[in-house]
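Remarks on the structure that follows.
Chain A is the first sequence line, chain B the second, and so forth, proteins listed ahead of strands; every chain is numbered from 1.
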Protein chains: 2
Amino acid sequence: MTETRPADSFPAPEHDHSECIESALAAAEETCRRRGLRFTPIRRRVLELIWQNHEPVGAYHLLDQLSRDGRRAMPPTVYRALEFLVEAGLVHRLATLNAFVGCAHPDHAHQGQFLICRDCRRVVEMESARVGHSLRREAEALGFSVEEQSIELTGLCPDCSQAH
Amino acid sequence: MTETRPADSFPAPEHDHSECIESALAAAEETCRRRGLRFTPIRRRVLELIWQNHEPVGAYHLLDQLSRDGRRAMPPTVYRALEFLVEAGLVHRLATLNAFVGCAHPDHAHQGQFLICRDCRRVVEMESARVGHSLRREAEALGFSVEEQSIELTGLCPDCSQAH
DNA sequence: GCGGGGACTGTTATATTATACCACCGCGCG
DNA sequence: CGCGCGGTGGTATAATATAACAGTCCCCGC
């Protein structure tokens, strides 16, 4: 059994978030360049909006913000950008929230496990090899071949847990 | 580490499904009686419709079928019944499909792991203690306290896998 | 240059899923 | 009786997502 990768933990409340945004954009730029994908202004802007914080964002919220840019954006515009970003592994969709969150490890293919705080709504992405392997092994024992996985845990993050 | 419970596997294509329906209804009756919950005609009928097969059903599909009963059902009627059934542990909601499936083990509280065939759409509920524990342990290592979990694997069931 | 094709975006319309809110009813109980 | 509460009926609307088609831009081959 491989070891769990060093997982991110919940970011300190007052960390320098502009750095998160910048590094996410830079990583996206790099990923797209390497893979010959087009990181157009809309896609870039949507990714930037998603990274405004560590909370998941709904498509229509993004739409509002795009409109505030002056752009008269319609739903398909946002959904197309989101589809691209998800395909490219730059963003994850959280099925339990119908919302999107920036990917913490865009450098390699993966489908992580998400910890969602029901209080402050922040999300952290774990990537436990142990969990992934157990699941796959048990599914295969039933003859099932796994293609996609969606694992989302809801609860309280350390900070909110402490604040009761 | 506790052992995985004996998991259900995918039902044979031609099993006697009326038996599934009947046993699900009987178990529901019993569960509600024991816990002082009201298993009203609408709730019973919705559960029966959900058990028509082993595929997840959308709320509006249930609504159509209720209407065909002669009942002029409106969305809140169905959603209220579904809310009750989910709370009572008789039905699970699949977040990745926005759909509902009968619970295979209504006798005890649990949140399982779902295997969803993307071809025939059948669903099987695993209940792996190993996976549950690993997840919880790794989340807690990050200071996160888990309250709900949603684990859904999409892929091919044995039958569809064989049929390529 | 210029024409064809593909990827991206704009726009309209609509589908799908879910909830807010208020009225009514039946029933147990003080 | 009158009250409250859980369940249901019904209207309206919110929130999420996609279909379908037209226009634009740019690369690329000729």
Side-chain angles (χ1 to χ4, degrees), chain A residues 28-29 31-33 35-50 55-88 90-101 116 121 150 152, chain B residues 28-29 32-33 35-47 49-50 55-88 90-101 116 121 150 152:
Chain A
E29 199 104 49
T31 298
C32 291
R33 201 188 50 63
R35 294 194 277 179
L37 302 175
R38 294 174 54 186
F39 196 46
T40 66
I42 293 183
R43 293 168 178 177
R44 181 188 184 88
R45 181 64 177 137
V46 168
L47 184 60
E48 189 181 6
L49 289 170
I50 287 176
E55 302 172 26
V57 202
Y60 278 75
H61 182 71
L62 293 168
L63 197 50
D64 285 349
Q65 300 194 269
L66 282 181
S67 299
R68 230 164 278 150
D69 283 359
R71 205 186 272 288
R72 275 204 324 132
M74 294 303 187
T77 302
V78 170
Y79 280 101
R80 281 188 293 233
L82 288 169
E83 183 184 7
F84 170 87
L85 294 169
V86 169
E87 295 275 300
L90 301 171
V91 158
H92 294 287
R93 178 169 192 278
L94 298 179
T96 55
L97 298 177
N98 296 322
F100 301 82
V101 72
I116 305 168
R121 303 190 5 99
S150 157
E152 301 175 21
Chain B
E29 198 105 48
C32 291
R33 202 188 49 65
R35 294 195 279 181
L37 303 175
R38 294 175 53 186
F39 196 47
T40 66
I42 292 183
R43 293 167 180 179
R44 180 189 184 87
R45 180 63 176 139
V46 168
L47 184 60
L49 289 170
I50 287 176
E55 302 172 25
V57 201
Y60 279 74
H61 182 72
L62 292 168
L63 197 51
D64 286 348
Q65 300 194 267
L66 282 182
S67 298
R68 232 165 276 151
D69 282 357
R71 205 186 271 290
R72 276 205 321 134
M74 295 302 184
T77 301
V78 169
Y79 280 100
R80 281 188 293 234
L82 288 169
E83 184 185 7
F84 170 86
L85 294 169
V86 170
E87 294 275 299
L90 301 170
V91 158
H92 295 287
R93 177 169 192 279
L94 299 179
T96 54
L97 299 177
N98 296 322
F100 300 83
V101 72
I116 305 168
R121 304 191 2 99
S150 158
E152 302 175 21

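The nearest whole Å value for the distance from the CZ atom in A:Arg38 to the P atom in C:dA7 is 9 Å. Atom CD in A:Glu83 sits roughly 13 Å away from atom C1' in D:dA19 (whole-Å rounding). Per the geometry, CG belonging to B:Leu82 stands 15 Å off C1' belonging to D:dG7, to the nearest Å. Rounded to whole angstrom, the span from the CG atom of B:Leu63 across to the C1' atom of C:dT16 amounts to 12 Å. Note: CE (B:Met74) to P (C:dT17) measures 18 Å, nearest angstrom. Taking atom CG on A:Leu97 and atom P on C:dA18, their separation rounds to 13 Å, with Å as the unit. In this structure, B:Asn98 places its CG atom 11 Å from C1' of D:dA15, rounding to the nearest Å. Note: CG (B:Leu62) to P (C:dT16) measures 15 Å, nearest angstrom.
Contact between the side-chain N/O atoms of B:Thr77 and the OP1/OP2 oxygens of D:dG9 is found at a separation under 4.0 Å. Close to C:dC8, at under 4.0 Å from its OP1 or OP2, lies no side-chain N or O of A:Thr40. Remark: B:Arg71 is in phosphate contact with D:dG9, judged by side-chain N or O atoms under 4.0 Å from OP1 or OP2.
Taking each heavy atom of B:Cys32 and B:Leu90 in turn, the nearest pair found is SG-CD1, 4.3 Å.
Nucleotides of DNA chain C nearest to B:His61 and A:Ala73 differ in position, and the one nearer the 5' end is that of A:Ala73. Closest-nucleotide positions on DNA chain D for B:Pro75 and B:Ile42 were compared, and the one nearer the 5' end corresponds to B:Ile42. Between A:Tyr60 and B:Phe100, the residue anchored closer to the 5' end of DNA chain C is A:Tyr60, taking for each the nucleotide with the nearest heavy atom.
Using modelled atom types, no side-chain atom of B:Arg43 and backbone atom of B:Leu85 make a donor-acceptor pair closer than 3.5 Å. A:Glu152 contributes a side-chain N or O that, together with a main-chain N or O of A:Ala95, makes up a donor-acceptor pair within less than 3.5 Å.
The side chain of B:Arg93 approaches C:dT17 more closely than any other nucleotide in the set C:dT11, D:dG10, C:dT17. Ranking C:dG10, C:dT11, D:dA17 by closeness to the A:Ala59 side chain, first place goes to D:dA17. When distances run from any side-chain atom of A:Tyr79 to the nucleotides C:dA18, C:dC8, D:dA17, the shortest one goes to D:dA17.
Between the side chain of A:Arg80 and the base of C:dG10, at least one donor-acceptor pair of N or O atoms lies under 3.5 Å.
Ionic pairing of B:Arg80 and B:Glu83 is not present here: no N-O contact between side-chain nitrogen and carboxylate oxygen is shorter than 4.0 angstrom.
Environment of CZ in B:Arg72: sparse, with no more than 12 heavy atoms of neighbouring residues, nucleotides or ligands closer than 6.0 Å.
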